[in-house]
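A short worksheet on the structure shown next.
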Amino acid sequence: MVNHNLAKILREISVLLEMKGEDFKPQAYEKAAHSVEMLERDVREIYKDGSIKALEDIPGVGKGIAERIEEYLKTHHIKDYDKLKKQIPVKIDELSSVEGVGSKMILRLYKELGIKTRAQLEKAAKAGKLKNIEGFGKKTEENILRSIEFLKKEHGRSILGFIMPQAKDLLEKIKKIPEVKSAEFAGSLRRRRETIGDLDFIVFSDKPAEIIKKFLNFPEIEHIYSKGEQKALVRLNSDIDADISVVSPKSLGSALIAWTGSKQHNIAIRTLAEKKGWLLNDYGLWNGKKLLASKTEEEVYKKLGMEWIPPEIRNGTDEINAALKNKLPELIGYDDLKGDLQVQTDWTDGDHSIKEMAEAAKKLGLEYICITDHTKSLAMTGGNDEKGLLKEMAEIDKVQKQVPGIKILKGAEVNIMKDGSLDIDDETLTKLDIVGAAVHSHFNLSEKEQTERIIKAMENPNVDIIFHPTGRIIQRRDAYKVDMDALLKAAKRTKTVMEIDAYPDRSDLKDEYIRKAVEMGVKLSIDTDAHSIHHFQYLEYGIAQARRGWATRDDVINTRGWKEMLKLLK
DNA sequence: GCCGTTTTCGGCCCGACTGTTTTCAGTCG
């Protein structure tokens, strides 16, 4: 996709314009950059299908930016950008990623010291040259050096499901501070984004200063970036940053909205308030000095003329229009799942036996699981052949008697071969309750070949579910190239279920594909891909993912009891 | 440069904290 590079350039233009003291253009470019980054379709395709008019349909992209995008697609250059870049030839992304360094500082650093890169900035700071620049002091120099040290460790964003246990522990600790009335996650943590930049907490109390003081004494705090009467920003010894903000319970609703974001969502609803002649800030919704609403989120949204919006879908896109019309779907709830349809055991690459997995799932309150060990062509996992599968089925029957109170379904994670055929014969597959099929090899086929390959597997009447349909692993492996529209159409036609793999670094399907599937009436399943008894807890993140994709209870098959669920399969 | 339930011009989210300076611009979320 060209989107990432294009967004980067638009963002750089924004910073360059800021340096020049332009007032509103930077926001315009920043907004356009954000939109382009969020697009699910490649800008090249959008342009190919609908020319420049289609580009102008991207939120925040008007005539001017659309022309520049067109120029970029045609020539790989944007003249205005090149011109700006020539005047100030600095590595903007490198420098602005340093905490506390923004456009104005970058400009001064370049003009006064000729600094273009982060390495040069570090060298100058170490040599004590920064404090000679007007507006810079010793503190600034120290902070820049500290931030560069931190960046060198290359800490990017954390994966939601992996960071959540730590976040939950810290939230519990915060709640135990006596002056705390209540406390919640905020930011991307509360929105349950698939990756998290830092841990945001919002605390409700009438004694903010004391809470900040006590929080700053927590042993896990390694460094304090800033602290005030109401807020603090720190780094934890686990090398992730945490933000805490304390607000009076009187402002709980408005503060939660403000601190949950997203930024785009906040801008949109604050603009909406402003249109009515009101002001929306952390402390409430105001008409002049008159407080209109502040206590609960519901109250604030209602006053603005809309229904409450679940945090998971607060993107600042179409959720606001839907909420204004009272047309938000009722998203699947965190208690709605009754079973897990992808579970591996020690028959292949799982850590625990069928019995141990069943017992663990039962303990968590699940009504059923489906055992889906790998099949033979995935040799590294010791995958089952036909004979092995039959043996495992017999073993499941045996375990079922030993572990009552949870239904153990018989399944397999069958390998889709390069040509779309399966590595287990149909006769054996018909004996299973559920057949999941998945791609584990040949990730580099062309989009056309990969799409046809998976559709061919869907057309097998035994294939019930496509597991982790895009094969991506967050921060490790990109999704293989596939035409998702075509896959979803085929899924609809063949009544194949698409999985939301809840394993935290998979989270596959991702939210925009889930939303597309929901719109097209394709059924989904949410499974953990558990390889250990500890993995069932990941269902929570699969549900979060489904909620971000606007999925309802009805869209997800394993919200039903197992008998009813099986009826939905081919 | 973008945008419209106060549409084709006039406004663009809002507030806390920091560092350096002495009243506020810059940065961040």
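Checked against B:dC28, B:dC13, B:dC14, the side chain of A:E99 finds its nearest nucleotide in B:dC28. When each of B:dT27, B:dC12, B:dG29 is scored by its nearest atom to the side-chain atoms of A:M105, the top-ranked nucleotide is B:dT27. Comparing B:dG26, B:dC14, B:dG1 by their nearest atom to the side chain of A:I65 picks out B:dG1. Which of B:dG26, B:dC2, B:dT18 sits closest to the side chain of A:S226 comes down to B:dT18. Among the nucleotides B:dG15, B:dG1, B:dC13, the one closest to any side-chain atom of A:I267 is B:dC13. Here the side chain of A:R270 is nearest to one of B:dC13, B:dG15, B:dG1, namely B:dC13. The side chain of A:Y283 lies closest to B:dG15, out of B:dC12, B:dG15, B:dC2.
Atom CD of A:E134 is separated from atom P of B:dG26 by 11 Å (rounded to the nearest Å). If you take NZ of A:K231 and C1' of B:dG29, they are 6 Å apart, rounded to a whole angstrom. Summarising the geometry, the separation between CZ on A:F24 and P on B:dC2 is reported as 15 Å, rounded to the nearest angstrom. Between A:D198 atom CG and B:dC28 atom C1' there is a gap of 11 Å when expressed in whole angstrom units. Here the P atom of nucleotide B:dC12 and the CD atom of A:E30 are 19 Å apart, to the nearest Å. Note: CG (A:L109) to P (B:dG26) measures 13 Å, nearest angstrom. Rounded to whole angstrom, the span from the NZ atom of A:K275 across to the C1' atom of B:dC2 amounts to 12 Å. If you measure from atom NZ of A:K139 to atom P of B:dT27, you get 18 Å, rounded to the nearest angstrom.
A:N143 has a side-chain polar atom (N or O) that falls below the 4.0 Å cut-off from OP1 or OP2 of B:dG19. Note on A:N281: a side-chain N or O is less than 4.0 Å away from OP1 or OP2 of B:dG15. Under 4.0 angstrom from either OP1 or OP2 of B:dC12 there lies no side-chain N or O belonging to A:T271.
Counting any heavy atom pair closer than 4.0 Å across all strands shown, A:K104 reaches sugar-phosphate atoms only and no base atom. Among the atoms of the strands shown, only primed sugar atoms or phosphate atoms (P, OP1, OP2) are found under 4.0 Å from some heavy atom of A:L279. Residue A:Y225 is out of contact with every strand shown, counting any heavy-atom pair closer than 4.0 Å.
Checked against a 6.0 Å centroid threshold, the rings of A:Y72 and A:H77 do not count as neighbours.
Relative to the six-membered ring of A:Y513, A:K510 meets both conditions, a distance below 6.0 Å and an angle of at most 45° to the axis. At least one test fails for A:K116 against the ring of A:Y110: distance under 6.0 Å to the centre or angle within 45° of the axis.
The gap from the C1' atom of B:dC3 to that of B:dC13 amounts to 16 Å, rounded to the nearest Å.
Considering only heavy atoms from C-beta on, A:L328 comes within 4.5 Å of A:I313 through its side chain. Counting only heavy atoms from C-beta outward, the side chains of A:V180 and A:I177 approach each other to under 4.5 Å.
Residues A:L291 and A:G284 share a closest heavy-atom pair of CD1-CA, 3.9 Å.
A residue-by-residue look at A:G137 and A:G277 shows that A:G277 has its nearest nucleotide of DNA chain B further toward the 5' end.
B:dT20 adopts an anti glycosidic conformation, its chi angle falling more than 90° from 0.
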